[in-house]
There are 2 protein chains.
Amino acid sequence: MTTIKDVANKANVSVATVSRVLNQRGYVSEDALSKVLQAIKELDYQPNSVARTLYNKTSNMIGLIVPDIQNPFFPELARAVEDVANIYGYTVVLCNSDQDEKKEREYVDALKQKYIDGLIMSTHHQQENVYSAANIPVVALDRVGDERLPAVVSNNYNGGWKAAEYLVERGATRLAHIRGPRGITSSEERYNGFMAYIKNQGLDCVIEECPFQLNPAEELAERFYAAHPHIDGVFASNDVVAAGFLKVALKQKIPVPDRLQLIGFDGIAFGHMMYPELTTVAQPIYEMGALASRLCIKLIEGRQTEQLTNQLPVQIQLGGTTRGA
Amino acid sequence: MTTIKDVANKANVSVATVSRVLNQRGYVSEDALSKVLQAIKELDYQPNSVARTLYNKTSNMIGLIVPDIQNPFFPELARAVEDVANIYGYTVVLCNSDQDEKKEREYVDALKQKYIDGLIMSTHHQQENVYSAANIPVVALDRVGDERLPAVVSNNYNGGWKAAEYLVERGATRLAHIRGPRGITSSEERYNGFMAYIKNQGLDCVIEECPFQLNPAEELAERFYAAHPHIDGVFASNDVVAAGFLKVALKQKIPVPDRLQLIGFDGIAFGHMMYPELTTVAQPIYEMGALASRLCIKLIEGRQTEQLTNQLPVQIQLGGTTRGA
DNA sequence: CAAAAATCTGTAACCGGTTACATATAAAGA
DNA sequence: TCTTTATATGTAACCGGTTACAGATTTTTG
């Protein structure tokens, strides 16, 4: 591997001069400049980023901690984070925490040791430890654990409200909400928004709780349809759960959307892969990831962010699981 | 941040002794050992991995280059790679290449600069550059670009054969294969396996080609069903394409599986999220990722691998898009 | 009991960069 | 013309570890 010393030798200058050329800092004569550039080209020299990191305490790497990349919501988010990071010359290190606080802490420690420049986290755990111990920028994405952290989220509350409103407007009268796990900000907010509309309209509804996974959703759906045959509008707190409910409904030959309307939340890609397509409250997933990435880099570069919480709008995405207007 | 010097001072020994304790190398007296351990504990010292990397030229990082993490096949693979890597103390850096050779090369360069210890690549490009320039272990995953590279793949040929056989055994007589893009090993092999069975049985079939994406698959399906109304068995080269064909079939009210049987390839999670569930030739995706990761680490640790190509078996996964036996 | 071998420890060089500082020369100002 | 200032460059310390080597002490061996 060619080092800065090799370049210096070849160009007949000192390493300091080469370094000055590389970093475009300090004074370098025309003559030296061209000799160095020539040597760099001839030797196909690339400065060693580890050595740079050691001195500069900055690695051009961003950590991204998600619960599980297998959860179909996160690949798009991760992709967006990486795309933006790349533009600015950053590399992304992806970590799956399984929502395990210990794992999260271990990852954060390991990443900090590698002089990671910033951290983007999707977790509902309190991040005081991260927040205090690290002097690196941390951006919360989708899930907010700590209020003091800059965050990128979608308007979950509004989404919940819209979902309820949408179902009611399409003629649903007996509503149910399959809410997500307690303690996760997004599912709480969706629930709150949904309930606010329900109360506002003086309606009644059935509430069930379900983790954001297919199998539990299917199991719950079986029981649910048996227990509540009259329900004609279901709002699931995420698309995976909605898919589970749709699947069981189709299996049981419950006419969707004629006798049962279904709306999910997220707007992940596979909503389009099924038939009928899932009607859903779509978050701007890619936008969220991209924004978080930009925000993180902005903070790394020392610039302040205007606002702590960045809330992006959601939008109903028409599918075939709800009726036309 | 506490450094090895701080520890040495506190323990009243030299940095060399502390280093010996850390690496459990060389002679260290009982007395010095306990003093150092005590100091480490009191200062909550963690050795700086960047400094270590600089000297050792090894980073405990593995690069994973995939075409696009948004392709639902890759998250499971990536997860497996990361899980195994973690067990052995390695961190994974994920990169999306978009199948762009230039991007791939840039990533490889950047990763090598960071003293990445090994590389796992899912690409169909020739990797001579990688293979020659890098003296780091490279493992090909799912897609093989270079024959000389150790690789982990599933038995795509056998999968293609099995798919044909399965359709025929369930009574399909007019077969079609929607093959994947040319030049990608896996799609070629699936095609070859399928055709081998067809020829072996003296059958005839329709072949179409489609990229591994939903929209093109849907468009093709529309045209396909119009042009070939008599086809009663379709083998799609991957599950996304199969999903597109299923979606259009359902939309057109073509009875599946009674008048049209459908089988995909991959066994990705969303096959279970739809109704009917997708019948598919399932690859052991997680196993493949885990094996690639283990293989890579084995090579990093200097041990030789028994065989260059590791081919894992595929298995038909029963869904509702084919008839019972 | 002396020599050889094993154990212990510190100094300093090294990994490959960056930069403070000293020094030298050229250009500008008095 | 003599300062002063701007330009140019090299030396050496530094980032935080690892390790070759040398010297000192202890243990083993003959």
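Residue numbering restarts at 1 for every chain, and letters A, B, ... go by the order of the sequence lines.
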Check your understanding: Looking for any heavy atom pair under 4.0 Å, which part of the strands does B:V50 touch: base, sugar-phosphate only, or nothing?
Key -> nothing

Check your understanding: 5'-most contact on DNA chain C: B:V15 or A:L22, nearest heavy atom basis?
Key -> B:V15

Check your understanding: Are there more than 12 heavy atoms of other residues, nucleotides or ligands under 6.0 Å from atom OH of B:Y286?
Key -> yes

Check your understanding: Does a nitrogen or oxygen in the side chain of B:R20 sit under 4.0 Å from OP1 or OP2 of D:dT19?
Key -> no

**Study point:** Short side-chain N/O contact from A:N23 to OP1 or OP2 of C:dT18, under 4.0 Å
**Key:** yes

Review point. So, is A:K57 near the phosphate of C:dT18, with a side-chain N or O under 4.0 Å from OP1 or OP2?
Key: no

Check your understanding: Looking at B:R52, does any N or O in its side chain come under 4.0 Å of the phosphate oxygens OP1/OP2 on D:dG16?
Key -> no

Exercise for review: Ignoring backbone atoms, test whether B:T3 places a side-chain nitrogen or oxygen under 4.0 Å from the OP1 or OP2 oxygen of D:dG16.
Suggested key: no

Exercise for review: Please examine the side chains of A:I65 and A:T123, heavy atoms only from C-beta on, and report whether any two atoms are closer than 4.5 Å.
Suggested key: no

Practice item. For B:D142 and B:V153, indicate whether the former's side chain and the latter's backbone hold a donor-acceptor pair under 3.5 Å. Key: no

Practice item. Determine the contact category for A:D6: base if any of its heavy atoms lies under 4.0 Å from a base atom, sugar-phosphate if only primed atoms, P, OP1 or OP2 are that close, otherwise nothing. Key: nothing

Revision key, fill the gap. Winner on side-chain proximity to A:Y55, out of D:dG10, D:dT19, D:dC15, is D:dC15

Exercise for review: Report yes if a side-chain nitrogen or oxygen of A:S49 is closer than 4.0 Å to either non-bridging phosphate oxygen (OP1 or OP2) of C:dG17; otherwise report no.
Suggested key: no

Check your understanding: Can you tell me how far the OG atom of A:S293 sits from the CG atom of A:L141, to the nearest 0.5 Å?
Key -> 9.5 Å

**Study point:** Among D:dG17, D:dT9, C:dG10, the one nearest B:N48 by side-chain distance
**Key:** D:dG17

Check your understanding: Taking OP1 and OP2 of C:dT23, is either one under 4.0 Å from a side-chain nitrogen or oxygen of A:Y27?
Key -> no

**Study point:** Phosphate contact (C:dC8 OP1 or OP2) by B:T17 side-chain N/O below 4.0 Å
**Key:** no

Review point. Are OP1 or OP2 of D:dT18 and a side-chain N or O of B:S19 less than 4.0 angstrom apart?
Key: yes

Exercise for review: Could you check B:A51 against B:A16 and say which one's nearest nucleotide on DNA chain D is further toward the 5' end?
Suggested key: B:A51

Review point. Counting side-chain heavy atoms from C-beta on, which of D:dG17, D:dA8, D:dG16 comes nearest to A:L54?
Key: D:dG16

Check your understanding: Closest to the A:A32 side chain: C:dT11, D:dT9, C:dG17?
Key -> D:dT9

Study note, to complete from the structure: When rounded to the nearest 0.5 Å, the distance separating CG of A:L54 from CG of A:N48 is 10.0 Å

